Amino acid sequence: MSGRWLRRIAPVLLAACGGEPPTDGQLAPPAALFERLPQELAPMTCGRPRGDTILEVNGGGLALFDGDDDGDLDLLLVIPGAYPARGVVTGGSNRLYRNDGGRFTDVTAGSGVDLPGFCNGVAVGDVDADGRRDLFVTRLGPDALLRNLGDLRFEELPDAAGAAGDDWSTSAVFVDVDRDGDLDLYVAAYLEFDPDHPPRHGEDGRSCLWNGMPVMCGPQGLPAQADRFWRNEGGHFTDATAAVGCDAPPAYALGVIDGDWNHDDWPDVYVSNDSMPNYLYLSRGDGTLREAGVLGGAALSSRGREQAGMGIAAGDADGDLDEDLLVTNFALEPNAFYVNRGDGTFQDMADPSGIGGPSRPVLGWGAAFLDADLDGDLDLLTANGHVYVQADAPGSGTSWAQPNQLYLNDGHGRFATVAWPGEAPAPNRALATGDIDGDGVLDVVVAQLGAPPVLWRGTARGATLVVGVRGRPGNCDGCGTSLTWRDAQGARLHRVRTSMGYQAAGDPRAYFAWRGPGTLEVTFPDGRRTQQVVERPGRVTLEVPAP
Amino acid sequence: MRVAAVMLLALVAACGEEPPQAARLSDADRLVLGRAVAAKQAGRDREVAEILAELLARTPPPPEAQLVAGEAAYDLGRYAEAAERLTDAVARLPSYLPSASHLGFAHYKLGQFPQAATVFRSIVAVRPEAYKAHYGLGHVALAEGRTAEARASLEEALRLQPDYLKAHFDLGRVLQEEGRLEEAAGEYESVLARWPSHGEALFRLAQVRAAQGRQADADAVLARRAEVYALNEELGGLVQQVRAGTDAAETWQRIVLLQDRLGEDEEAARALRDGLQRFPADPGLAELQRAGLGTAEPDQR
């Protein structure tokens, strides 16, 4: 009897257990889409090597931004530095690099970016309406605002021009929520943490186990902190968190990004929360926001579970001219892929889209939608790495160092991962995209925990239409502008923003794969619309008209 | 030890047949395996691999050891290890089909949907009455967006096991996808009738009520969900204390009270019983018992 069972079941079991090549939605790459750019950059120290507190696992941030207004992207590394226990001198670790023809030169000395304190993330925006991009740096404790003096020199403004706060801030985004022409500021906060008394497993009745092993404690069991919304009033910030409606209960916020998901031409804000429901703040059309995440389908997994939200990417992944959301999550949780139904409500399509499966074994951080293969649709890149060093224990099913993942879009919102030559497992964290070498193709910088970030040069072949926006004073990149490119093969959407969702800022410009002449439809941040015909690939710069 | 041996016999006879290689085990091996099964049954999953270390180090390891270690790994969330061990165990002892469900779900947890579906199909091919495998097929089909196929598998699971709450929940999701909102709500409510703190069902029910324009009902369900979330957060911390061995009698008192507030009568009963077993002289737990908490019998979910 048993032998008969064996004969009946063997073929199917063998098929399941190695008799067939693995599918898992992984494809061989059509061609190398990225190549590693050798470049000496500073290690992104974050506390102690493989530190065992929650403070030491999120890593630092980075910004690709045009700091000297010369048309190319410079690089800021936000490096947390030494573990900030009492008696330890911390800070001074951030590094600034000038772009010299696609190579970065360290210009930190005298630049003013080497702030004291345990720094985490960065947002880029022109706070004081002088036409230069300023930097908001999040920290454990009061945050910092660096006013751009020109020539890649910065000065720290007292009390961050009113927006210092005193929390463990992670990500931040400049966004003109009230459409008055200047950039307001949303700051995501994580949790209460005392470096001199870090919570430990077994102390104070605390139990911090993962896979049966003692691990670092948190976030569960530690008090969450509330996010802040700072209103820009002539270059000075005032706390308008409750007045604007960003006063959902404190949560373990890690990522934040702006968008216009309900299509009313007013900015919205999305926040990823670790182990708690994510927040979707939709505009009311009057400069205030309302939280609509849970019923809007963008707060939980498709099953209705809280997940460990980390990074966020926003983009029109399914090509229906509204932006969708991707939230990276913990290992063995699928990334959430919230597809916009067109009205600011969402459905998590992680599994049907092919994103859910391959994302389960990894723990994701930074993420970006970009057209990596220049076929006209948005692909997805995620930076991965585990928080627990114990992930390397045998049988954990995962590992501390993990490979980044590139998901190619089939043009209909279905994705398959592709092998990525040269990509090796690492403790990857934040990422930023931007055209570093000015060839019209997006490149990528991926931060790593305790190691220098890695630069990946986009090598896809094909022409592009690069669209930049020259904004008005107070919003010099024209953030919030919506670009719709229509050619003979369809239409694509891009929202001008600098936020990269997780502790990072990137290139706000659009990079449309060139498939022939078409029409560029523009909605400026104040809602005014225009359009223009473009007959050749290359660069187009739009100017936001005066009010 | 006798109990462990009986459990082992029950395990190996799960399909009503003598496993083909069971005779290879020596009496000493059987005793070790019995200890591992006893630890597994007591929820001490972490100890299983240690108990079985010598058996698992053999080349090849006995499939029975792989089976028990694989199930323990699954319950610890080590799905890659679980898949590896159970694949080996089931390939060499295919009569252990109940455990193949764990294998299918391990593949699912790892995002290996085609492999998961293959395992579930293999189970129903030889055991059409295996409702968990039908549920597994429906669960995978739903994840991949094949709702009609998912509905058929889930309905079959429920025909075989009408009280299977996971299948009710997934069927609700299918019906919601299909726009059959009232039927979906019915499935979620059937889950909540037996599991009042089921957060996912509360979320889904709120979504349905909102889609039906019943905003006040949706808000009420969401408020309940928020309350459940907070209670579960606290409960999770207390359970961690128990697992770490840092629990006190007050820990168990609080667990009982929280389970009661969640409407989980059976879980409250279980907690009270376990608490009294651990702290038999605690007056607080005795008081809770006198107050009538934990009078229900534990159920099987």
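A quick note: this is a predicted structure, and the numbers were derived from the prediction, not measured.
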Look up atom [atom1] in [X] and atom [atom2] in [Y], then write down how far apart they are to the nearest 0.5 Å.
X: Arg303(A); Y: Lys166(B); atom1: CZ; atom2: NZ; answer: 7.5 Å
X: Glu177(B); Y: Gln347(A); atom1: CD; atom2: CD; answer: 4.5 Å
X: Phe203(B); Y: Leu300(A); atom1: CZ; atom2: CG; answer: 5.0 Å

Considering only heavy atoms, which portion of [X] lies under 4.5 Å from any heavy atom of chain A: side chain, backbone, both, or neither?
X: Leu202(B); value: neither
X: Asp75(B); value: neither
X: Gln207(B); value: both

In terms of heavy-atom proximity below 4.5 Å to chain B, should [X] be classed as side chain, backbone, both, or neither?
X: Met349(A); result: neither
X: Leu295(A); result: both
X: Thr345(A); result: neither
X: Ser302(A); result: both

Establish, for the pair Arg360(A) and Tyr108(B), whether the NZ or CZ atom is under 6.0 angstrom from the six-membered ring centre and no further than 45 degrees off its axis.
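So Arg360(A) does make the cation-pi contact.
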Salt bridge (Lys or Arg N to Asp or Glu O under 4.0 Å), that's the test. Do Glu306(A) and Arg225(B) meet it? Break it down for me.
CA-CA 12 Å; Glu306(A) 292 80 4; Arg225(B) 187 185 182 283; 2.7 Å; yes
